[in-house]
Amino acid sequence: MDIKRVATDAVTETIVMTVVHMDYKGQVAKRINEKMPLATVKGFRKGQVPKDLVEKQYGKAIKQEEVKKVVDLALERFIQSERLNLLGTPLPKENENFDWDAEELTFEYEIGLVPNFEINLEAENNIVKYIVTADDKLIDGQVERIQKQFGKAIPQEVVAADSDLTGTFSNEEKGINNTTTISVSTFNKAAGDQFIGKKVGDVIAVSTKGLFEDDHQLMDYLKVAHDDVHGLDVEVNFTIEAINGAELAELNQELFDKLFGEGKVASLEDLKAKIKEDAEAQFAQQADQKLLLDVQDFLIESTKFDLPAEFLKKWLQTVGEKKLSAEEAEVEYARSEKGLRFQLIEGKAMAQSNIQITFEDLKAFTTNAIKQQMAQFGQTNPTDEEVQGIVARVLSNQEEVKRLSEQVVAEKLLEVFKEKANPTTKEVTYEEFIAASYGE
């Protein structure tokens, strides 16, 4: 067998394979011999059919099967021996004039190659690393929300600016159907004003775009996935099921102990300090996420390389349960190109920075995530046995392992980016951070 690579351009090649009779004749003969005792041809008893008739009846199909095996194995070994780093999988080129009776059988496979490129994590940039502080306005607002949450609900006939609403957000197309309780003041003012004066049973149509100061609140109140919240612009209905005002709860030791555990908060000043601490820890996570996204955008923009675009569009038509048309593949490629580019950049950054993910890294990350989730549900002091039991169950799920591994990689890359990208540090309030993040 003769195998060679023919370059089309820097990122696309054709593997040309020439198969001769010697490459497959032995296996074909063996299969014919195995077939003879089982062959049935009219006029002959089973097992008594002449060999030439067996070959005539079954030989072509057997030859095609054995040639395919030879070609598939040779192609796999050739890719390994040449150490080809592929995007997608080899695509066989169609030949309408292919002749299975020819002395030499030629097969061609188009391949897309991972491009060669370099990245510079230390390149000059205008990336900002935000340090987000909780100001007095935010802290006072959270104190009031706590008092309302633990105060006495007072039913109201119509919605006022300080009302709490219980109702259901719905949008059939996006699969949104979530019942929640929300304060009118939680909405942005323009959206909140639409509710004033409404009654139980009324349905208010609002846009998700600009519904809240922070798009992440769509996750809490509409149960929208994190990957979908940014830039989501659809109309949702809110059906009002209850309207309540609130008699604010007294800020006393009983309430503090109920919220944070006995003796951990003893005064309004302690409460505000705790709110500030918790809020800024959450803001730090959001700031890190923005930093990572900004670095991703910068690296994609500043790292230039060609992709085998036309090959990948053809390849996309062949994968998945539903085969795509050329037009659908074009759309899918445009949608996924940015992600593919960063995936390649990410891999290069990991190699350059010698980043490796161990099971201990994954276990430690999962343990921390589980503790945070338990704390959100009031379990602030779980035992190690409880936590590790949950961690073991989570890490037994391969989909969860994949998802968590991606988060560990992102966390490690973020630390590298912070060090090498040398972003400008800027302290802002949460409102200023939201404006910087979403251009508001």
Side-chain angles (χ1 to χ4, degrees), residues 1-116 306-326 328-329 333:
M1 178 184 294
D2 178 61
I3 308 180
K4 61 184 178 181
R5 294 162 56 188
V6 179
T8 305
D9 53 42
V11 289
T12 310
E13 293 183 355
T14 299
I15 296 177
V16 182
M17 311 174 66
T18 303
V19 181
V20 297
H21 190 227
M22 291 293 295
D23 296 323
Y24 57 85
K25 73 170 187 176
Q27 191 61 26
V28 170
K30 179 182 177 183
R31 290 274 308 279
I32 292 292
N33 288 334
E34 292 172 348
K35 197 74 174 176
M36 288 186 64
L38 305 173
T40 56
V41 175
K42 190 174 181 180
F44 296 91
R45 286 190 297 174
K46 185 176 180 180
Q48 301 298 315
V49 181
K51 187 172 183 178
D52 59 339
L53 290 182
V54 175
E55 290 178 340
K56 183 177 180 180
Q57 184 170 359
Y58 300 105
K60 186 173 183 178
I62 289 174
K63 176 182 176 179
Q64 292 178 1
E65 290 173 6
E66 293 304 320
V67 169
K68 185 177 186 307
K69 290 178 185 177
V70 169
V71 168
D72 288 348
L73 181 60
L75 180 63
E76 180 182 349
R77 289 177 174 174
F78 182 74
I79 290 171
Q80 291 175 350
S81 66
E82 294 288 302
R83 297 183 179 180
L84 299 179
N85 199 358
L86 304 184
L87 289 174
T89 53
L91 288 178
K93 285 190 172 183
E94 293 186 9
N95 181 356
E96 294 180 356
N97 299 316
F98 189 85
D99 181 9
W100 278 101
D101 295 324
E103 287 295 319
E104 294 185 349
L105 304 175
T106 300
F107 299 88
E108 295 183 341
Y109 288 85
E110 189 176 0
I111 57 173
L113 302 174
V114 172
N116 290 319
D306 292 328
L307 288 171
E310 294 309 311
F311 166 82
L312 289 171
K313 291 171 189 176
K314 286 190 285 186
W315 176 74
L316 284 169
Q317 295 179 60
T318 69
V319 296
E321 294 182 5
K322 179 192 174 189
K323 303 304 179 187
L324 302 182
S325 67
E328 290 171 331
Y333 178 77

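If you're wondering where the values come from, they're calculated on a predicted model, not measured in any experiment. What's counted below: heavy atoms across the whole structure, side chains too, no hydrogens, waters or symmetry copies. For the single chain, residues carry numbers from 1 onward in sequence order.
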Checklist entry - Looking at Glu108, Lys93, Glu110, which one forms a side-chain hydrogen bond (donor to acceptor under 3.5 Å, both in side chains) with Thr14? => result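 When side-chain hydrogen bond (donor to acceptor under 3.5 Å, both in side chains) is applied between Thr14 and each of Glu108, Lys93, Glu110, only Lys93 qualifies.
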Next on the checklist: Out of the candidates Thr8, Ile111, Val6, only one should pair with Glu13 under the side chain to side chain contact (heavy atoms under 4.5 Å, CB included) rule; please name it.
Outcome noted: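 Of the listed residues Thr8, Ile111, Val6, the side chain to side chain contact (heavy atoms under 4.5 Å, CB included) partner of Glu13 is Ile111.
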Next on the checklist: As a quick check of understanding, evaluate side chain to side chain contact (heavy atoms under 4.5 Å, CB included) for Gln80 and Glu76, giving each step before the final call.
Outcome noted: CA-CA 6 Å; Gln80 291 175 350; Glu76 180 182 349; 3.7 Å; yes
Checklist entry - So, Lys63 side chain and Trp100 main chain: donor-acceptor pair closer than 3.5 Å or not? => result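 Here the side-chain-to-backbone pair exists.
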What's the spacing between [X] [atom1] and [Y] [atom2] if we round to 0.5 Å?
{"X": "Lys322", "Y": "Glu328", "atom1": "NZ", "atom2": "CD", "answer": "4.5 Å"}
{"X": "Asp23", "Y": "Glu66", "atom1": "CG", "atom2": "CD", "answer": "12.5 Å"}
{"X": "Met1", "Y": "Phe107", "atom1": "CE", "atom2": "CZ", "answer": "8.5 Å"}
{"X": "Glu55", "Y": "Asn33", "atom1": "CD", "atom2": "CG", "answer": "8.5 Å"}
{"X": "Leu53", "Y": "Lys51", "atom1": "CG", "atom2": "NZ", "answer": "13.0 Å"}
{"X": "Phe311", "Y": "Leu87", "atom1": "CZ", "atom2": "CG", "answer": "8.0 Å"}

Item to check | side chain to side chain contact (heavy atoms under 4.5 Å, CB included) between Leu113 and Leu86, worked out | outcome: CA-CA 5 Å; Leu113 302 174; Leu86 304 184; 3.7 Å; yes
Taking all heavy atoms of [X] and all of [Y], pick out the closest pair and write down the distance.
{"X": "Met17", "Y": "Val71", "result": "CE-O, 3.4 Å"}
{"X": "Ala309", "Y": "Tyr333", "result": "CB-OH, 3.4 Å"}
{"X": "Ala329", "Y": "Gln317", "result": "CB-CG, 3.6 Å"}
{"X": "Val16", "Y": "Thr106", "result": "CG1-CG2, 3.9 Å"}
{"X": "Leu105", "Y": "Asp99", "result": "CD2-O, 3.3 Å"}
{"X": "Ile32", "Y": "Gly59", "result": "CD1-CA, 4.0 Å"}

Next on the checklist: Does Tyr109 form a side chain to side chain contact (heavy atoms under 4.5 Å, CB included) with Ile79? I'd like the steps, not just the answer.
Outcome noted: CA-CA 11 Å; Tyr109 288 85; Ile79 290 171; over 6 Å; no
Next on the checklist: Between Leu307 and Val11, is the side chain to side chain contact (heavy atoms under 4.5 Å, CB included) condition met? List the steps.
Outcome noted: CA-CA 7 Å; Leu307 288 171; Val11 289; over 6 Å; no
More than 12 non-hydrogen atoms from neighbouring residues, nucleotides or ligands closer than 6.0 Å to [atom1] on [X], yes or no?
{"X": "Glu94", "atom1": "CD", "answer": "no"}
{"X": "Lys323", "atom1": "NZ", "answer": "yes"}
{"X": "Lys60", "atom1": "NZ", "answer": "no"}

Quick check: do [X] and [Y] have side-chain heavy atoms less than 4.5 Å from each other?
{"X": "Thr89", "Y": "Thr318", "value": "no"}
{"X": "Arg31", "Y": "Tyr58", "value": "no"}
{"X": "Arg5", "Y": "Leu84", "value": "yes"}

Checklist entry - Does Lys68 come within less than 4.0 Å of Asp72, counting only side-chain N to carboxylate O? => result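 Salt bridge flag = yes for Asp72 with Lys68.
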